[in-house]
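Written out below as structure tokens is the structure these notes cover.
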Amino acid sequence: MPCALGCPHLPLRPSSHVKRITTDVTSRHGPHRPKQHTWSRLFLPFSKVSLSPLANVLPIRIQNHTMFFLFLLICWSSFSSDSRAEDYVKLPVFRQSPFPTAREALALDSVRLSFFSSSSSISNASASHPPPPAALSAPVVSGASSGAGQFFVDLHLGTPPQRLRLVADTGSDLVWARCSACRDCSRHPPVTAFFPRHSSSFRPYHCYHPACRLVPHPRSSSHDAAPPCRRQPLHSPCRYRYSYADRSSSAGFFSRDIATLNSTSAGILRLHSLPFGCAFNITSPAGSEAPRGVLGLGRGPISFPSRAARRFGDVFSYCLMDYTLSPPPTSFLLIGAAAHTTLAPKNLSFTPLLTNPLSPTFYYVRVLGVSVDSEPLRVDPSVWALDHATGIGGTVVDSGTTLSFVPEAAYRKIVRAMTRRLPPPAIVRGPPEFDLCVNASAEATKRVPRLAFRLLGGTELAPPAGNYFIDAADGVRCLAMQPVSTAGPGFGVIGNLMQQGFLLVFDRRAHRLGFSRTGCTDA
């Protein structure tokens with residue numbers, strides 16, 4: 001059988017473990033000589049460990065609810081138990097340079113926004129767990145070379161650990177990395193690919209494993225249906241295809257491996273059986289570089305925070321530092337409730353996190369109004385509302401979008417109000433895609449009107465001018481906002497530029513978003 005994902009054909013000597021299962025199947029169904037499939041050849045070093053131990057002792061026709069219960073037990077034991085109650089993980093966040101120009105950011109953001117509503121979203125799975133005692137943290141980096149204003153986190157995956165640099169994305173769920181079946185892997189630059197051959201703990205999921213139901217599957221070329229699942233452990237990898245709003249996609253084998261993390265007090269901490277996509281087929285929009293991997297931070301059951309929640313609590317936060325500073329400061333991604341119990345500033349403001357049943361991955365907030373220089377603008381509150389029946393409306397907090405998008409009616413009034421308050425000499429002509437641009441001199445920048453969004457819960461998001469004016473040309477800064485029509489996807493976006501300098505706390509257990517301008521130094 002040819003490899004659907006273009007992976008190389010490698011020799012396989014099945015372990016005795018696999019042979020015993022094959023014999024059992026033959027004794028029940030008559031003589032049968034199984035074919036040697038490409039995917040099993042690919043993962044030669046893991047033939048003894050790639051099969052779930054449960055598959056050897058449970059009948060193949062086990063009831064679905066029993067398998068799901070067992071899957072929950074596996075998830076519950078994901079973390080090693082050597083961490084303490086005050087422990088959490090801190091991951092550095094990086095921004096690659098050069099940062100995209102304003103026009104490049106707008107082009108990429110527009111594509112992402114246009115396809116947000118049709119991107120593959122995985123439904124949230126609800127389960128109740130007792131409050132876990134610990135937490136995790138990691139640094140975040142912004143990578144312009146693989147998208148508009150993206151930020152990156154280093155994740156160590158496999159045994160021994162392999163360092164991977166992944167896009168931190170609150171708008172998607174799946175954790176995935178570019179995979180290579182190479183023997184001599186020296187041609188791959190560091191942090192750009194995962195080598196399953198080199199990890200003794202790597203295991204692909206089988207297509208009949210309950211976890212396989214949590215990812216979208218590729219469609220058959222002959223009909224609009226997923227390829228059939230052969231219920232033979234050696235020949236049945238869980239194939240996935242995950243598409244993004246910017247028309248990029250990742251396809252490969254849905255797998256699991258150990259993630260190694262540096263915790264704050266317990267030293268090395270291992271997250272066992274982390275689900276991730278081992279991608280052999282990656283596509284990207286024309287003119288953009290294909291991503292090398294994504295750390296999904298969305299609200300779905302396979303996202304990284306969802307997996308960490310079983311051990312550290314269902315809370316994560318990050319602070320994205322000013323991209324214009326040189327050298328760029330390090331931001332951090334903190335995962336776990338303990339981090340926010342000890343580090344969160346006292347002046348943290350909270351607004352409820354809303355759920356869109358048609359797009360359960362995304363983090364929605366309710367904007368009630370907007371003001372310019374403390375003067376509320378007369379905008380019908382309904383333009384900000386989320387329609388739960390159609391999925392249209394609302395505002396998403398998204399780390400993968402650079403600019404911010406607001407309903408067109410509100411956008412027009414913001415532009416007019418700011419134009420009236422700016423002295424005429426400060427207003428200059430900029431790129432045609434932007435409706436309001438100013439002279440980038442220090443004097444003109446000081447006169448930029450102050451923008452603030454009133455949020456549900458009695459809080460106000462009031463960013464500095466540098467968060468909503470972006471360098472667009474030499475000596476020119478433009479309003480880093482764009483209108484979004486209700487005729488399209490119809491929802492607003494608070495992009496990562498607007499988030500700069502704020503500590504954002506995603507308290508998923510309490511369904512609320514916290515933010516503060518004073519918490520970044522401790523994050």
Side-chain angles (χ1 to χ4, degrees), residues 91-96 100 105 108-109 111-122 124 138-155 157 164-178 191 215-216 240 242-250 259 274-277 279 282-285 288-308 316-320 331-335 353 359-364 396-405 493-500 504 506 508 513:
L91 303 174
V93 179
F94 310 93
R95 178 185 288 280
Q96 290 183 349
L108 291 167
D109 285 350
V111 173
R112 180 177 174 88
L113 184 61
S114 297
F115 287 85
F116 241 149
S117 59
S118 60
S119 62
S120 298
S121 301
I122 300 174
N124 252 331
V140 178
V141 181
S142 156
S145 63
S146 54
Q150 292 175 340
F151 289 82
F152 292 81
V153 173
D154 282 354
L155 183 70
L157 194 63
L164 302 168
R165 182 153 290 182
L166 309 178
V167 175
D169 185 16
T170 59
S172 62
D173 293 329
L174 182 67
V175 178
W176 67 268
R178 179 194 298 272
V191 309
V215 291
Y240 79 92
Y242 200 90
S243 299
Y244 291 87
D246 61 0
R247 296 179 180 175
S248 60
S249 67
S250 161
L274 175 70
F276 78 103
I282 302 170
T283 61
S284 62
S288 64
E289 181 181 343
R292 301 185 182 104
V294 170
L295 186 77
L297 299 174
R299 303 174 83 169
I302 59 172
S303 73
F304 190 76
S306 296
R307 304 299 296 183
F316 75 92
S317 70
Y318 58 74
C319 183
L320 308 179
S331 306
F332 286 94
L333 170 67
L334 309 177
I335 298 180
L353 281 173
S359 298
T361 291
F362 307 131
Y363 296 96
Y364 281 84
V396 172
V397 178
D398 181 35
S399 66
T401 302
T402 300
L403 308 184
S404 292
F405 293 77
V493 176
I494 298 176
N496 59 50
L497 185 62
M498 190 75 77
Q499 300 172 32
Q500 280 188 167
L504 294 182
F506 294 78
R508 297 160 26 126
L513 174 71

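Under the 4.5 Å side-chain criterion, counting only non-hydrogen atoms from C-beta, L295 is in contact with L333. Within the 4.5 Å cutoff, the side chain of L297 has no heavy atoms near those of the F506 side chain. Side-chain atoms of I302 and L174, non-hydrogen and from C-beta on, do get closer than 4.5 Å to each other. Under the 4.5 Å side-chain criterion, counting only non-hydrogen atoms from C-beta, C319 is not in contact with F332. Two residues are said to be in side-chain contact when any heavy atoms from C-beta on lie closer than 4.5 Å; D169 and S399 meet this criterion. Between T401 and V396, every side-chain heavy-atom pair lies at or beyond the 4.5 Å cut-off. Under the 4.5 Å side-chain criterion, counting only non-hydrogen atoms from C-beta, L166 is not in contact with V153.
Scored by the side-chain hydrogen bond (donor to acceptor under 3.5 Å, both in side chains) test, S250 finds Y240 as partners (sequence neighbours excluded). Partners of S303 under the side chain to side chain contact (heavy atoms under 4.5 Å, CB included) rule, at least two apart in sequence or in another chain, are D173, P305, S306, R508.
Between the CD atom of Q499 and the OG atom of S404 there is a distance of 7.5 Å, given to the nearest 0.5 Å. With rounding to the nearest 0.5 Å, the separation of CG in D398 from CZ in F405 is 10.0 Å. With rounding to the nearest 0.5 Å, the separation of CG in L513 from OH in Y363 is 10.0 Å. Interatomic distance, OG1 of T402 versus CE of M498, reported as 12.0 Å (0.5 Å rounding). For the atom pair CZ (R292) and CD1 (I282), the distance works out to 9.5 Å, reported to the nearest 0.5 Å.
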